[in-house]
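The structure appears below as structure tokens.
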Amino acid sequence: MNEIVRDRIDVALTVNGEPVEARVPAGQHLIDFLRLELGLTGAHASCEHGVCGACTVRVNGDAVRGCLMLAAQADGAEVWTVEGLTDTGEIADLQEAFVARNALQCGFCTPGMLVAAQELLAREDAPSRAEIREHLSGNYCRCTGYEAIVDAVETVATARAGKGGA
């Protein structure tokens, strides 16, 4: 058997609510599978060390670094990218707040920030600014738009808690 064929693994997972079956290289990172094989280019491959958070996607309910997880490890998993979360409307208020608060900057970090922020807001009804900063501390904004990003997340947290805002 050819080495290339032996080094491939069959996977079946759900991506953005749709079943996906594929034969992936054993060492292919989840972010590369999503971007190169499925054309879901919202999350970015950047530092490839799990430091910057640009590749953040949701796997089985948790925000994870797509550059630190192999596609083969996602076999049987439910994966959501920023595209899927956008299509469902789940992060519509966050996206609107990012625009309103000028938190988009260049936009490179935005998909990862949105996935991470949504994870926080799903777990905490009304996180403090310090909690928002801590939760997003693993996501780098090269434009240094952190204050605007924290403002946007705080606005949505306040609105979701029924305290006005957004």
Side-chain angles (χ1 to χ4, degrees), residues 13-18 29-35 38 40-71 73-166:
L13 59 153
T14 303
V15 179
N16 296 335
E18 298 291 328
H29 292 107
L30 178 60
I31 189 65
D32 294 328
F33 173 70
L34 294 170
R35 290 180 59 83
L38 302 183
L40 298 167
T41 57
H44 296 103
S46 184
C47 72
E48 299 187 14
H49 296 283
V51 175
C52 75
C55 62
T56 304
V57 295
R58 183 191 295 165
V59 177
N60 292 332
D62 295 318
V64 303
R65 302 292 192 254
C67 72
L68 295 181
M69 183 174 191
L70 298 175
Q73 291 175 302
D75 186 38
E78 181 179 11
V79 178
W80 287 89
T81 67
V82 72
E83 291 94 338
L85 297 174
T86 297
D87 289 347
T88 64
E90 182 178 332
I91 58 172
D93 54 354
L94 273 170
Q95 291 169 313
E96 290 172 15
F98 269 59
V99 172
R101 297 293 184 155
N102 196 26
L104 295 171
Q105 302 289 321
C106 80
F108 189 84
C109 71
T110 303
M113 288 284 187
L114 289 169
V115 173
Q118 178 59 15
E119 178 185 55
L120 172 65
L121 297 179
R123 294 179 180 173
E124 295 285 332
D125 286 341
S128 68
R129 290 182 69 84
E131 290 169 325
I132 294 168
R133 281 191 181 93
E134 182 176 332
H135 192 81
L136 297 179
S137 65
N139 292 71
Y140 290 174
C141 171
R142 290 158 180 83
C143 304
T144 66
Y146 295 109
E147 285 302 309
I149 292 168
V150 172
D151 289 346
V153 175
E154 182 182 44
T155 298
V156 172
T158 301
R160 287 185 184 180
K163 298 177 182 172

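All values derive from a computational prediction rather than experimental measurement.
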Report task. Hey, could you give me the OG1/CD1 distance between T41 and I31, rounded to the nearest 0.5 Å? Result -> 9.5 Å
Report summary line: Sorted by chain and residue number, the side chain to side chain contact (heavy atoms under 4.5 Å, CB included) partners of I91 (sequence neighbours excluded) come out as V82, L85, T86, L94, Q95, L114, Q118
Query raised in the report: Considering only heavy atoms from C-beta outward, does the side chain of V57 approach that of L40 to under 4.5 Å?
Result: no
**Report entry** Within-4.5 Å side-chain heavy-atom neighbours: Y146 and M113
**Finding:** yes
Query raised in the report: Can you check whether A63's main-chain N or O pairs, donor with acceptor, with E119's side chain at less than 3.5 Å?
Result: yes
Requested in this report: Would you give the length of the straight line joining atom CD1 of I132 to atom CD1 of I149, rounded to the nearest 0.5 angstrom?
Outcome: 11.5 Å
Requested in this report: Sorted by first residue and then second, give each ring-ring contact (aromatic ring centres under 6.0 Å, His included) pair with at least one member in residues 78-100; sequence neighbours left out.
Outcome: none
Query raised in the report: What residues, two or more places apart in sequence or in another chain, satisfy salt bridge (charged side-chain N to carboxylate O under 4.0 Å, His left out) together with D151?
Result: R129
Requested in this report: Check whether any side-chain heavy atom of L121 lies under 4.5 Å from a side-chain heavy atom of V153, and answer yes or no.
Outcome: yes
Query - Validation row: E147, R133 side chains within 4.5 angstrom (heavy atoms) - result: yes
N/O donor-acceptor pairs under 3.5 Å from side chains in residues 45-54, not counting sequence neighbours:
| residue | atom | partner | partner atom | Å |
| --- | --- | --- | --- | --- |
| S46 | OG | R142 | NH2 | 2.9 |

Report task. For H135, enumerate each residue passing the ring-ring contact (aromatic ring centres under 6.0 Å, His included) test, keeping only those at least two apart in sequence or located in another chain. Result -> none
Report summary line: With sequence neighbours left out, the residues meeting side chain to side chain contact (heavy atoms under 4.5 Å, CB included) with D75 are V11, A12
Query raised in the report: Among all residues two or more places apart in sequence or in another chain, which pass the side chain to side chain contact (heavy atoms under 4.5 Å, CB included) test with A148?
Result: A103
Query - All side chain to side chain contact (heavy atoms under 4.5 Å, CB included) counterparts of S128, not counting sequence neighbours - result: A130, E131
Report task. Without swapping roles, check the side chain of N139 against the backbone of G112 for a donor-acceptor pair under 3.5 Å. Result -> yes
Report summary line: Residue pairs meeting ring-ring contact (aromatic ring centres under 6.0 Å, His included), one or both in residues 50-71, sequence neighbours left out, come to none
Report summary line: Heavy atoms of L136 and A117 approach each other most closely as CD2-N, 3.8 Å
Query raised in the report: How would you list all residue pairs meeting salt bridge (Lys or Arg N to Asp or Glu O under 4.0 Å) that involve residues 59-70, not counting sequence neighbours?
Result: D62-R123
**Report entry** Closest contact, heavy atoms only, A74 versus L30
**Finding:** CB-CD1, 4.1 Å
Requested in this report: Name all pairs fulfilling the salt bridge (Lys or Arg N to Asp or Glu O under 4.0 Å) condition that reach into residues 77-90, sequence neighbours left out, sorted by first residue then second.
Outcome: R58-E90
Report summary line: Between T110 and L104, the two heavy atoms sitting closest are OG1-O, 3.5 Å
Report task. Locate the shortest heavy-atom distance separating P111 from G42; write the atom from each residue and the value. Result -> CG-O, 3.1 Å
Query raised in the report: Does atom CG of D125 have more than 12 heavy-atom neighbours from other groups under 6.0 Å away?
Result: no
Report summary line: Sequence neighbours excluded, the answer for ring-ring contact (aromatic ring centres under 6.0 Å, His included) partners of F108 is H44
